[in-house]
Amino acid sequence: MDNKNELTKTLCPYCGVGCGLEVVAGSKVRGDRSHPSSLGMVCVKGATILEALDKDRLLYPLYRRSLEQTFTRISWETALNLIVEQIQKILDTTGADAISLYGSGQWQTEDYYTAQKLIKGCLGTNNFDTNSRLCMSSAVSAYTASFGSDGPPACYGDLELTDCAFLIGTNTAECHPIVFNRFRQYYKKNPHVKLIVVDPRRTQTAESANLHLAIRPGSDIYLLHGIAHLLLKWNAINEEFIHRHTTGFSEYQEIVKKYHPQFVADICGIALEDLIQTAQWWAESQAVLSLWSMGINQSSEGTAKARSLINLHLLTGQIGKPGAGPFSLTGQPNAMGGRETGGLAHLLPGYRQVLHPEHRREIEVHWQLPAGQISPQIGRNAWQIIEGLEDGKVDLLWICATNPLVSLPNLARVKLALRKSPFTIYQDCYYPTETCEYAHLLLPCAQWGEKTGTMTNSERRVTLCEAFRAPVGEAKPDWEIFAEVGRRLGFSQQFQFQTSAEVFAEFVQITQNRPCDMSGISHARLRQLGAIQWPCPEGVSDEEAVQDKRLYTDWQFYTEDKRAHFGLDQAWGLAEPTDREYPFILTNGRLYGHWHTQTRTGRIPKITKMHPEPFLEINALDAEKLGITDGAIALVESRRGSVKLPVKVTPHIAQGTVFMPMHWGSLFAETAEVNQLTHPIACPTSQQPELKACAVRVSLAD
Ligand code: SF4
């Protein structure tokens, strides 16, 4: 590539913090000091990313007629013909509902947008979901229900303006390290600032806190309602804000009245004084910022938990002002871009809804498609795609840039379903991954550094990720693959793009006058000004474009009555409570160095040395009762699977709860000697695909 010897500005392709990176001469990476989100900081994942680019890459299309056969190399021409034939056959027989696509927050916005246009627009099915379903869909639903629109209201600048940071369900120090570094630097210099961390484990994040609330898994809503109960009792609420800018307060008040402090403290397993202290700090602080992540979102009551947290901000008017607001941290580098382009089965681009007739029509007009082309029905979500395969209703599954054979819940069931799939396309950069085993057609795609496109981080900041090397082998950018399939299916008019800049230009037009208005952003402007936060409508000056932006500064919301709505949820507790047979609650999470299913980080020696194997954390008293010692191999069984792995005995996890990291799949079990996994680890769930914890039994492995 021409810029091989130059400095390339881009974004770290791992977590949603979205750290700016500079790649020097295509061979060295460092933090970009000019990037407003990360200010030059970078963690081990970003710092080692270049080491993962050339290892075990999928270089050309591979095909096999059945899963029992071995793959054979085929040309792109043959691969594209196969896809078009399969799609055409399905459209002519069963119809578009038999097609499903499962995408990824790893995609760039241009990939997302082109895929949407093909599947939801041209083919007319909303069976388009992504792995963001597993992490961010609860936040999307909560924001939408409370404010009338998705979109995190705060920005990273608020980390350095708050008086009280309330972190719940997020091990920020390990999972979003640069966000935590920003806050920690400020926190150390400002002793008046309080940090409250809510987590069943004493994580690195909790170690830094003024107050650690080690609540029992599943008791989050009790805690949040308990705080509200005290704030109401002390009248430490913002009556004017509630009166002028919210609805549902009376009903909410009736609900939280029942959450008496002692009852809440007992259910949560915390001291009453700690509950009172939390409420006091919330009440006394001028600006309260709450951060949350998978511990809230990845739950059968994820939306209710997030709404209960947002309620506290509504109760106290802690929103739309410096240092305050509810702020969900995204797990993936472009989960936000996925939301903006409509990357869930109920969404359309520009924060529009499938169920909204005007929204469908606006998109049809923009895409030059006939009225009624976009299906009025919400499509299959991630788990419904699996159910569709089980029922024989999905004839073509297209999986892109994700590794669901590690990350989906209830893997035994997922594997059986995938075995029934008549035709599975798997589009990814790496080979092998656990998912390759279940595909008929493998398509190599260009990865980070090999294509130019945009990503949006947790604080709504859009960064241009420039290519600095050519794609390996015959790999192609995902958006080009979708556009080519679209053209071959007869939609030449819709896919005239020559560059990703053209794709982006078309996309941002569709966001005009929407909450996520990006019509003032282009590849050229990002190149000139650096990363830009939305909202950034057309016509915004350069000076304004680069300023920090927070939402709802006028306390006008996107609901029809312009008011924020209190959520009226009761606490349900765990979807799968413990019993005599399964007496432990299993939680899972990330480690500092690894990323999700290790497709990249598992190939980087520095990181594998840092985290060589999975483990089970168990409280010392539980271990003693079970006769398990540190380093012993334990058998952990749930109702859906089992795994053998080394035990770490620790005082840092509450009795009755165990923890294991989420990163190790069967690929590592087969190759690592020390690792005795018999089943891949994933978010272990039952019928609900979004459960954080479930009951397990733990015993010594024989
Ligand atoms: Fe990348 Fe996240 Fe680390 Fe930043 S904090 S370098 S975005 S993994």
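Every number for a ligand or one of its atoms is a count from 1 in the order of the listing. Position 1 is the first residue of the sequence, and the numbers go up from there. Given the structure is predicted, the values throughout are model-derived calculations rather than measurements.
Around atom 3 (Fe) of ligand 1, the protein N, O or S atoms closer than 2.8 Å are Cys43 SG, listed by chain and residue number.
If you look at His594 and Trp664, their ring centroids are closer than 6.0 Å. Checked against the 6.0 Å centroid threshold, Trp107 and Tyr102 do not count as a close aromatic pair. Residues Trp448 and Phe468 bring their aromatic ring centres within 6.0 Å.
Ionic pairing of Glu22 and Lys9 is present here: one or more N-O contacts between side-chain nitrogen and carboxylate oxygen are shorter than 4.0 angstrom.
Near Gly18, with a cut-off below 4.0 Å to any heavy atom, the atoms of ligand 1 are 7 (S).
In this pair, Phe183 and Phe180 present their aromatic rings tilted. The plane angle is within the 30 to 60° band.
The shortest heavy-atom contact between Tyr113 and Val503 is CD2-CG1, 3.7 Å.
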